[in-house]
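Read through the structure below, which is laid out as structure tokens, and then see the notes.
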Amino acid sequence: MGASLRPVRRALLSVSDKTGIVEFASALAGRGVELLSTGGTAARLRDAGLTVRDVSELTEFPEMMAGRVKTLHPRVHGGLLGRRGVDEDVMDAHGILPIDLLVVNLYPFAETVARPDCSFEDAVENIDIGGPAMVRAAAKNHDGVAVVTDPVDYDRVLAGLAEQDGTDWRLRLDLAIKAFEHTASYDGAIASYLGSLDAELKPTPHPRTLNLQFHKLQDMRYGENPHQSAAFYRDAKSDEPSVATARQLQGKALSYNNVADTDAALECVKCFEAPACVIVKHANPCGVAVAEDLLTAYDRAFACDPTSAFGGIIAFNRTLDGATAAAIVERQFVEVIIAPDATDDAVSAIAARKNVRLLVCGRWPAERAASVDYKRVTGGLLVQDADLARVPDGDLKVVTRRAPTAQELQDLRFVWEVARYVKSNAIVYGRDSRTVGIGAGQMSRVWSARIAREKAEDAGLPVAGAVMASDAFFPFRDGIDQAAEAGIVAVIQPGGSIRDDEVIAAANEHGMAMVFTGMRHFRH
Ligand SMILES: NC(=O)c1ncn([C@@H]2O[C@H](COP(=O)(O)O)[C@@H](O)[C@H]2O)c1NC=O
């Protein structure tokens, strides 16, 4: 561990994002700090009336090659890398002045390549070289130098200077870690962009090396099981309302399984526009309902499978109200409740159960942004687009003699959305915008159908008149025969089996309506 406190006599400022730089530099100057700076930054500071020394005066070299070479010089890098208490003689011999504070943010590479009209030449010109070189130098020499790469840290540094007239070792180390995280992410973005270009230099979705950055949100007591160590990280690039961005208003710390199940519940409830409730147990919905209000939606989702709902995770797509919150805590043991927001009454109602985790995540946009799913396998990673695609109404194909009624079609749409979030093989029975039986995760489709039926019977919910969704095609007619026997009147499924004719004939025999989506929703 190095010296704890270092005075700041000289600072080098070279920033692309000039937010707050004038105020920060003024405060430094007010403390007698000498300011060194590069072209555009120096001009901005001088415009604000500050006295600034140009880096080109220090290096005795002009900035050249359209800014490609400005700070790449021993007088700069020696001033950043020189070991305090060790290298003073060398520094003196070569006219190198110590630089105690480096303030740099880099050319906006990620923002540049995100522009649809970005040319290859624009992208390359926005690869910052001198900035990362200085940032890495200062971060390595954090024993003597503080490095600031993010304007949000200006106040932290100023507070340290005001309190201690210097920078503290802990602060310098923290800033150095942040600096290396920043350069890692920066180089990752460059490698990802260049590594994704096709022969015509057009970006493709999957780069040859995957560079991701996730920030730790919390260490967990354990993972899926108590003997597994675990932590929860947030995708540095995603700000979509999610379990990772949600704010916890009360309750115990989230466990590994809580996070996974909360994600499953929230992602499912995001599919619905009307007030909706999804109850998840072990990654599968065990009750889903859409209604005029949240309380009714919750009542109906709970009624689908009260046994499984015990200890479940509940997600809503509207602000949680007091009546709904009170009904939940009076009726059942619940691990997590998540909603876009919660009223004060709801918060008070949940407060009666101290351990219940209450999360608010904000409202999400009606149009889901495209995102990517990752699945770890031993020695590798599978990457795919998230399954967010929706079949337009016009693409639904009625394949039976009988077309679904308007009510049946509405219910088919509902169970189809739910099936997307049920592990394969998925069979969902539903009626009047609520699930009545869910068969999940079976190795054969016919068994999922059997379970959906048994679940409905167990919950005392009539199957007669209900509809059925299957996440993939029926390979044989047995699933249809069984559903008909239970009282199912309409079916939605992708179609595409070599025995579709046999399956359609079975539906016709039973007087069922059947709709093909042409889209499958496997979920493993
Ligand atoms: N080439 C260099 O020696 C160099 N030194 C610093 N920069 C970058 O130049 C930018 C600031 O430039 P200006 O002060 O001219 O606006 C910063 O983003 C900084 O990271 C450089 N630019 C690119 O590599």
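These figures come from a predicted structure and were not determined experimentally. Position 1 is the first residue of the sequence, and the numbers go up from there. Whatever order the structure lists them in is the order used to number ligands and atoms, beginning at 1.
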Can the ring centres of Phe214 and Tyr233 be said to be less than 6.0 Å apart?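 Phe214 vs Tyr233: aromatic centres not under 6.0 Å.
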Determine, using ring centers only, whether His182 and Phe180 are less than 6.0 Å apart.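 They do not qualify: ring centres at least 6.0 Å apart.
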Flag the pair Leu210 / Tyr374 as yes when at least one side-chain heavy-atom distance between them is below 4.5 Å, and no otherwise.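 When only atoms from C-beta onward are counted, Tyr374 and Leu210 do touch, with a gap below 4.5 Å.
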For [X], take its heavy atoms, then give the atoms of ligand 1 lying under 4.0 Å from any of them.
{"X": "Leu72", "value": "3 (O)"}
{"X": "Leu106", "value": "18 (O), 20 (O)"}
{"X": "Ser16", "value": "10 (C), 17 (C), 18 (O)"}
{"X": "Thr41", "value": "13 (P), 14 (O), 16 (O)"}
{"X": "Val104", "value": "20 (O)"}
{"X": "Ile129", "value": "23 (C), 24 (O)"}

Report the part of Thr38 in contact with ligand 1, treating N, CA, C, O as backbone and CB onward as side chain, heavy atoms under 4.0 Å; options are side chain, backbone, both, neither.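 Thr38 to ligand 1: contacts from backbone and side chain alike.
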Charged N to carboxylate O below 4.0 Å: is that the case for [X] and [Y]?
{"X": "Arg523", "Y": "Asp471", "answer": "no"}
{"X": "Arg368", "Y": "Glu267", "answer": "yes"}
{"X": "Asp168", "Y": "Arg6", "answer": "no"}
{"X": "Arg31", "Y": "Asp165", "answer": "yes"}
{"X": "Asp393", "Y": "Arg413", "answer": "yes"}
{"X": "Arg46", "Y": "Asp54", "answer": "yes"}
{"X": "Arg83", "Y": "Asp87", "answer": "yes"}

Report yes if some N/O of Gly67 lies less than 3.5 Å from some N/O of ligand 1; otherwise report no.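 Yes; at least one N/O pair falls below 3.5 Å.
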Pairs of nitrogen or oxygen atoms closer than 3.5 Å, one from Gly130 and one from ligand 1: do any exist?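 Yes, Gly130 has an N/O under 3.5 Å of an N/O on ligand 1.
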Looking only at protein heavy atoms, identify the closest one to [atom] and say how far it is in Å.
{"atom": "atom 22 (N) of ligand 1", "result": "Tyr107 OH, 2.9 Å"}
{"atom": "atom 20 (O) of ligand 1", "result": "Asp128 OD2, 2.6 Å"}
{"atom": "atom 11 (C) of ligand 1", "result": "Ser14 OG, 3.4 Å"}
{"atom": "atom 5 (N) of ligand 1", "result": "Thr71 OG1, 2.6 Å"}
{"atom": "atom 12 (O) of ligand 1", "result": "Lys70 NZ, 2.7 Å"}
{"atom": "atom 13 (P) of ligand 1", "result": "Gly40 N, 3.4 Å"}

Looking at non-hydrogen atoms alone, which of Glu125, Met65, Glu63, Arg68 comes nearest to atom 1 (N) of ligand 1?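 Selected option, by shortest heavy-atom distance: Arg68.
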Of the listed options (Ile127, Ile21, Asn105), which comes nearest to atom 17 (C) of ligand 1 when hydrogens are ignored and any heavy atom counts?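 Residue with the shortest heavy-atom distance to the ligand atom: Asn105.
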Is Lys18 near ligand 1, meaning one of its heavy atoms is under 4.0 Å from it?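 Under 4.0 Å: yes for Lys18.
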Could you check whether the rings of Tyr193 and Phe109 sit parallel, tilted or perpendicular, using 30° and 60° as the cut-offs?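 Ring orientation, 0 to 90° scale: perpendicular.
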